Amino acid sequence: MTTMLSVRDLTISFRTDEGTITPVQNVSFELDAGRTLGLVGESGSGKSVSTKALMRLLPGTATIAPGAAMHYRTKSGKQVEIEGLRAGGRELRRLRGGEIGMIFQEPMASFSPVYSIGNQMMEAFRLHRGIRGRAARELAIEMLDKVRISNPAARLDQYSHEMSGGMRQRAMIALALSAGPNLLIADEPTTALDVTIQAQVLELMQGLQDELGMAMIFITHDLGVIAQIADDVAVMYLGTIIEKGPAREVIRAPLHPYTVGLLEAIPSLDRLDARLKPVPGDIPSPNQRPSGCPFHTRCGQAMAGLCDQRMPAETTPSTGRSVRCWLHAEEGRHAA
Ligand code: SF4
C-alpha cells in the first residue's frame with residue numbers, strides 16, 4: 001500500500017502568558033491511501049493540535065521544533081513537505097480543501113452564515129475542481145443526495161442555521177467532500193449528535209470513504225467509535241502517542257495501562273452489572289507535565305524510581321504494534 005502521509009517527530013510548543021507549553025511531543029505516524037487512522041485520547045491530549053499542523057492552521061504563537069517532518073503524497077503522486085509550503089501560496093491553498101478536507105464537531109465553524117449551503121459547495125467546486133455554473137449546481141445536488149439529505153434541490157438554497165443538527169453535520173460532510181479531498185480529517189464529528197444520528201453519520205462516512213477511496217484521520221475521545229470506523233489507532237496522552245496498532249488488535253488486547261483504562265470506562269451491553277472504572281484523576285495541564293512517563297500520576301502499575309524518572313522508549317512487541325510503557329520494555333520487566 002502507498003504511504004500517503006508520514007509524520008515524524010512532531011513537537012509543537014505554544015507561547016502563553018504562563019510560559020511555553022508543549023502540547024505535542026515527538027508524535028510520529030503514517031497513513032496509507034484509503035485507510036482510516038483513529039486518533040484517540042481525552043481532551044487536552046494533543047489530537048486536534050497535531051492535525052491542525054498538517055493543515056498549517058496553527059496560530060502564530062505556535063512553534064514546530066526542528067527535526068519534525070510531515071510528508072504528504074498528492075493525488076497526482078507528488079511528494080510534498082508540508083512545513084516547506086509557502087504561507088498563502090498556491091500549493092498550500094490547494095492542500096487545504098483540494099487535497100486535505102476537514103470537518104469539525106461544530107458544523108457552524110465550517111459554514112459562512114451569509115451564503116447558502118449550495119453557494120458554498122459550488123464555490124468549492126469552482127476553486128478546487130474548476131467546475132462552474134449548471135454543472136456545479138447539479139453536482140452539489142448530487143452531493144447532498146449522497147449524504148442523504150432529502151429534497152436536495154430545495155436544500156441547496158438554504159442557510160446552515162435553517163437545518164437541524166444532524167442535517168447540518170451531513171451538509172458539512174458534503175461541503176468538505178465537494179473539493180474531492182484525498183484525505184479527510186474528521187475532528188470529533190459525531191460527538192455532539194444523538195446516538196442514533198451518530199451511528200447514521202458514521203455509516204455514511206464509511207460508505208463515502210469506500211466509494212471515493214479517500215483516507216481519513218478520525219479524532220475522537222471514544223474508543224467505541226474507533227472500533228466502528230478505524231483500521232488503525234493511535235492513542236494519545238498528554239501530547240504523546242502511547243500506543244499504536246491495528247484498531248481491532250489494540251481494542252481486543254490493549255498493552256498500555258491508559259488504553260486499558262479507556263476501554264474499562266466504556267459501558268457494555270454484555271456486562272450491564274459490571275461497574276464502570278473511569279481512569280482515576282484528571283489529565284495534567286501541558287504546563288505541569290509530570291517527569292518520566294506522563295501517565296505515572298494516574299497509573300496503578302507505576303514503578304517508583306523508574307516510571308516517575310524516565311520516559312519509556314517506544315517498543316514494538318509485535319508486527320504493526322507499538323507502545324511506550326516500561327512494562328513492555330526489557331528494563332521495566334526486570335524492575336517490576
Ligand atoms: Fe504506568 Fe509506568 Fe507504564 Fe507509565 S511506564 S504506563 S507509569 S507502568
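Remember, it's 1-based here, ligands and their atoms both numbered in the order they're listed. Quick caveat, the model's predicted, so the values are computed rather than measured.
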Exercise. Inspect the contact between Arg155 and Asp145 and indicate whether a charged nitrogen and a carboxylate oxygen are less than 4.0 angstrom apart.
Key: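 So Asp145 does not pair with Arg155 through a salt bridge.
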Quiz item: Charged N to carboxylate O below 4.0 Å: is that the case for Glu91 and Lys78?
Solution: yes
Taking 4.0 angstrom as the limit and counting only heavy atoms of [X], give me the atoms of ligand 1 inside it, by number and element.
X	value
Cys299	1 (Fe), 6 (S), 7 (S), 8 (S)
Cys307	2 (Fe), 5 (S), 7 (S), 8 (S)
Leu327	8 (S)
Ala302	7 (S)
Pro257	6 (S)
His256	6 (S)

Self-check item: Location of contacts on Cys293 toward ligand 1, heavy atoms closer than 4.0 Å
Solution: side chain
Self-check item: Mode of Arg324 contact toward ligand 1 - side chain, backbone, both, neither (heavy atoms, under 4.0 Å)
Solution: neither
Quiz item: Going only through I, L, V, M, F, W and Y residues with side-chain contacts under 4.5 Å, is there a path from Ile185 to Leu177?
Solution: no
Quiz item: Do any of the N, O or S atoms of Cys325 sit under 2.8 Å from atom 3 (Fe) of ligand 1?
Solution: yes
Quiz prompt | Heavy-atom neighbours of Arg248 CZ exceed 12 at 6.0 Å | solution = no
Quiz item: CG of Asp282: more than 12 outside heavy atoms within 6.0 angstrom?
Solution: no
Quiz item: Considering only the protein, which heavy-atom contact is closest to atom 5 (S) of ligand 1, and what is its distance?
Solution: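 Checking every protein heavy atom, the shortest distance to atom 5 (S) of ligand 1 gives Trp326 N, 3.2 Å.
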Quiz item: In a check of side-chain contact (heavy atoms from CB on, under 4.5 Å) between Glu30 and each of Arg35, Met4, Arg8, which one passes?
Solution: Arg8
Quiz item: When the ring planes of Phe295 and Tyr237 are compared, do they come out parallel, tilted or perpendicular, using 30° and 60° as the limits?
Solution: perpendicular
